Student: 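Dropping a structure here in structure tokens format, bear with me for questions.
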Amino acid sequence: MSYQNIEVKPIAGRIGAKIKGVNLAENLSDEIISEIRKALVQYKVIFFRGQELDANGQVNFARRFGKITTAHPTVPSLPGYPEVLDLDYSRTVARANNWHTDVTFVDRPPLGSVLRALVIPPAGGDTIWANSVTAYQDLPEHLRNLADQLWAVHSNAYDYATAFDIPEEVKSYRDVFTSTVYETLHPVVRIHPESGEKGLFIGGFVRQIRGLSPTESADILRLLQSYITRPENTVRWRWQVGDVAFWDNRATQHYAIADYGDQPRRVQRVTIAGDLPLGIDGKYSQAIKGDSSAYIPNLVAA
């Protein structure tokens, strides 16, 4: 793809690019926004160095790509900014150090997220993204055929039976995270609404594959997930203060590396509302439990 208004520098072979020559605090032209969106779909995650955005600027930029959700279905927002999720890791026990796609436990998971770096440790705290489209393409044909037929239940509920001795502060956070329980049935293979690409749509919120036992589900999910996290399908970003990352939540997973101990790390996220995932069989995702209308404003029926 050619770009006339932005400079795009790929970082890894299958995912990730740096965008140069763009000041996100400016009122960007429709042409620039269109090319940024094209780069997002092509490279799955794009990065902007040295930005001087505040929370309002971050929200305004994200809004150019669609409707904005509230900060999170259950976790409180940054005071005064209902659209901003403040991830201050010096004040919270929460860590996103597991492979996941954001908020897949609701029926309309986000289109994408814009993450802004405020405080970064001098070493550690990188984030890795994985391309779930190339992961699907890597599958042997018989595994692709199997994955094409599968649907999975995603939920924000934790399995406390596997966590006997968790710290009290972790339990308190989980109580907030699960204050409203959501469950949604999603296709394991999703068709991207813009590119038409097929990608694996699983990650950390999957609880079970429909029609299979928990043990059978775990075995198949572990196998499929191993293709997503192959190094060939990943890119690793070394954060600097002022960086902005924008990822396509429909075609990626990510993992925030928790290797910085008690050093401060603070980032803020704004999320763009998505649509109902579409499976290869022509069917759309279905909510099982939980009403996401407060999280996703102005829902339009599929």
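As the structure is a prediction and not an experimental result, all values here were calculated from the model.
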Student: In this structure, are over 12 heavy atoms from other groups packed under 6.0 Å from Asn27 atom CG?
Tutor: no
Student: Please confirm whether the ring centroid of Phe246 lies under 6.0 Å from the ring centroid of Phe47.
Tutor: no
Student: Is any side-chain heavy atom of Val267 less than 4.5 Å from a side-chain heavy atom of Arg265?
Tutor: yes
Student: Atom CG of Asn5 and atom CD1 of Ile19: how far apart are they, to the nearest 0.5 Å?
Tutor: 12.0 Å
Student: What's the spacing between Thr101 OG1 and Gln253 CD if we round to 0.5 Å?
Tutor: 4.5 Å
Student: So which heavy atom on Val41 is nearest to which on Ser195, and how close?
Tutor: CG1-CB, 3.8 Å
Student: Answer yes if Tyr136 and Ile202 sit in the same cluster of Ile, Leu, Val, Met, Phe, Trp and Tyr residues linked by side chain heavy atoms under 4.5 Å apart, and no otherwise.
Tutor: yes
Student: When you group the ILVMFWY residues by side-chain heavy-atom contacts below 4.5 Å and let the links chain together, are Phe205 and Leu87 in the same group?
Tutor: yes
Student: For the residue pair Gln268 and Gln58, establish whether any side-chain heavy-atom pair is separated by less than 4.5 Å.
Tutor: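 Yes. Closest side-chain heavy atoms under 4.5 Å.
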Student: Verify whether one side chain among Glu232 and Tyr227 offers a donor that lies under 3.5 Å from an acceptor in the other.
Tutor: no
Student: Check side chain to side chain contact (heavy atoms under 4.5 Å, CB included) between Val181 and all other residues, then give those that pass, not counting sequence neighbours.
Tutor: Ser155, Asn156, Ala157, Lys289
Student: May I have all residue pairs that pass salt bridge (Lys or Arg N to Asp or Glu O under 4.0 Å) and include part of residues 6-15, sequence neighbours excluded?
Tutor: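 Those involving residues 6-15 are Glu7-Lys9, Arg14-Asp138.
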Student: Is it true that Thr134 and Asn233 share a donor-acceptor pair across their side chains at a distance under 3.5 Å?
Tutor: yes
Student: Apply side chain to side chain contact (heavy atoms under 4.5 Å, CB included) to residues Asn23 and Glu26 and explain how you reach the verdict.
Tutor: CA-CA 6 Å; Asn23 180 356; Glu26 294 180 349; 3.6 Å; yes
Student: Decide whether Val153 and Trp151 are clustered together by the hydrophobic rule: side chain heavy atoms of Ile, Leu, Val, Met, Phe, Trp, Tyr closer than 4.5 Å, transitively.
Tutor: yes
Student: Are the side chain of Gln51 and the backbone of Val22 linked by a donor-acceptor contact shorter than 3.5 Å?
Tutor: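 Here the side-chain-to-backbone pair exists.
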Student: The test is salt bridge (Lys or Arg N to Asp or Glu O under 4.0 Å); show your working for Glu83 and Arg63 and say whether it passes.
Tutor: CA-CA 10 Å; Glu83 312 93 343; Arg63 190 169 277 129; 3.7 Å; yes
Student: Assess, by modelled atom type and distance only, whether the side chains of His186 and Ser285 contain a donor and an acceptor separated by less than 3.5 Å.
Tutor: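 Yes, a side-chain donor-acceptor pair sits under 3.5 Å.
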Student: Contact between Arg238 and Ile120 at the side-chain level, heavy atoms closer than 4.5 Å - yes or no?
Tutor: yes
Student: Same hydrophobic cluster for Leu115 and Ile15, using side-chain heavy-atom links shorter than 4.5 Å among ILVMFWY?
Tutor: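 Linked, Leu115 and Ile15 end up in one cluster.
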Student: In terms of side-chain geometry, is the basic nitrogen of Arg190 or Asp248 positioned less than 4.0 Å from the acidic oxygen of its partner?
Tutor: no
Student: Got Leu150 and Arg210 here, is their nearest side-chain heavy-atom distance under 4.5 Å?
Tutor: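 Side-chain contact under 4.5 Å: no.
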Student: Kindly indicate, with the supporting measurements, whether the criterion salt bridge (Lys or Arg N to Asp or Glu O under 4.0 Å) is fulfilled by Lys198 and Asp148.
Tutor: CA-CA 9 Å; Lys198 299 173 185 176; Asp148 288 348; 5.4 Å; no
Student: Would you indicate whether the side-chain heavy atoms of Ile36 and Ile6 approach each other to under 4.5 Å?
Tutor: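 Yes, their side chains come closer than 4.5 Å.
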Student: Which heavy atom of Thr234 sits nearest a heavy atom of Ala12, and at what distance?
Tutor: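 Distance-wise, the nearest heavy atoms are O-CB, 3.8 Å.
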Student: Does some side-chain heavy atom of Val75 sit less than 4.5 Å from a side-chain heavy atom of Leu85?
Tutor: yes
Student: Taking side chain as C-beta onward, heavy atoms only, is Ile220 less than 4.5 Å from Ile209?
Tutor: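 SC-SC contact between Ile220 and Ile209 confirmed.
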Student: Could you walk me through whether Val189 and Phe201 pass the side chain to side chain contact (heavy atoms under 4.5 Å, CB included) check?
Tutor: CA-CA 6 Å; Val189 178; Phe201 196 62; over 6 Å; no
Student: Between Asp126 and Trp237, is there a side-chain heavy-atom distance shorter than 4.5 Å?
Tutor: no
Student: Can you see whether His254 engages Thr127 through a side-chain donor-acceptor pair at a distance of less than 3.5 angstrom?
Tutor: no
Student: Applying side chain to side chain contact (heavy atoms under 4.5 Å, CB included) to Val84 and Ser77, what does each step give before you reach the verdict?
Tutor: CA-CA 6 Å; Val84 178; Ser77 67; 5.9 Å; no
Student: Looking just at side-chain N and O atoms, do Ser292 and Asp107 make a donor-acceptor pair shorter than 3.5 Å?
Tutor: yes
Student: Looking only at non-hydrogen atoms, find the nearest pair between Gly203 and Gln225 and report the distance.
Tutor: N-OE1, 3.9 Å
Student: For residues Tyr81 and Asp54, is any side-chain donor paired with an opposing acceptor at under 3.5 Å?
Tutor: no
Student: For the pair Asn249 (side chain) and Pro110 (backbone), establish whether a donor and an acceptor sit closer than 3.5 Å, ignoring hydrogens and angles.
Tutor: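 Checking the backbone N and O of Pro110 against the side chain of Asn249, a donor-acceptor pair under 3.5 Å is found.
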Student: Provide the closest heavy-atom pair for Val206 versus His154 in the form atom of the first, atom of the second, distance.
Tutor: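 Minimum heavy-atom contact is CG2-CE1, 3.3 Å.
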Student: Looking at every non-hydrogen atom in both residues, tell me the closest pair between Pro10 and Tyr43 and how far apart they are.
Tutor: CG-OH, 3.6 Å
Student: State the NE2-OG1 distance between His72 and Thr69, to the nearest 0.5 angstrom.
Tutor: 9.5 Å
Student: Determine whether Val119 and Val244 fall in the same hydrophobic cluster, where Ile, Leu, Val, Met, Phe, Trp and Tyr are linked whenever their side-chain heavy atoms lie under 4.5 Å apart.
Tutor: no
Student: What's the separation between atom CZ in Arg144 and atom CG in Leu200, rounded to the nearest 0.5 Å?
Tutor: 10.5 Å
Student: Would Arg108 and Asp275 count as a salt bridge (Lys or Arg N to Asp or Glu O under 4.0 Å) if you check the C-alpha gap in whole Å, the side-chain angles of each, and the deciding distance to 0.1 Å?
Tutor: CA-CA 5 Å; Arg108 298 170 184 261; Asp275 56 359; over 6 Å; no
Student: Test side chain to side chain contact (heavy atoms under 4.5 Å, CB included) on Phe61 and Val114 and set out the steps.
Tutor: CA-CA 9 Å; Phe61 171 70; Val114 177; 4.1 Å; yes
Student: Can you classify the ring geometry of Trp99 versus Tyr255 as parallel (below 30°), tilted (30 to 60°) or perpendicular (above 60°)?
Tutor: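 Tilted: the ring planes of Trp99 and Tyr255 meet at 30° to 60°.
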Student: What's the spacing between Asn131 CG and Ile228 CD1 if we round to 0.5 Å?
Tutor: 9.5 Å
Student: Tell me whether the rings of Trp247 and Trp129 are parallel (<30°), tilted (30 to 60°) or perpendicular (>60°).
Tutor: tilted
Student: Which heavy-atom pair separates Ile191 from Gly279 by the least distance, and what is that distance?
Tutor: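 The pair with the smallest heavy-atom distance is CD1-O, 3.8 Å.
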Student: In terms of ring plane angle, is the pair Phe105 and Tyr182 parallel, tilted or perpendicular, where the classes change at 30° and 60°?
Tutor: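 Geometry flag for Tyr182 against Phe105: tilted rings.
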Student: Would you call Asp102 and Arg269 a salt bridge, taking side-chain N to carboxylate O under 4.0 Å as the test?
Tutor: yes
Student: So how far is it from Leu185 CG to Ile288 CD1, rounded to the nearest 0.5 Å?
Tutor: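 Output value for this atom pair is 5.0 Å.
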Student: Donor-acceptor pair, distance only, cut-off 3.5 Å: does the side chain of Ser226 make one with the backbone of Leu223?
Tutor: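 Yes: the side chain of Ser226 pairs with the backbone of Leu223.
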Student: Could you note down all residue pairs passing salt bridge (Lys or Arg N to Asp or Glu O under 4.0 Å) where residues 31-53 supplies at least one of them, sequence neighbours left out?
Tutor: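 Of all non-adjacent pairs touching residues 31-53, those that pass salt bridge (Lys or Arg N to Asp or Glu O under 4.0 Å) are Arg37-Glu194, Lys44-Glu197, Arg49-Asp243.
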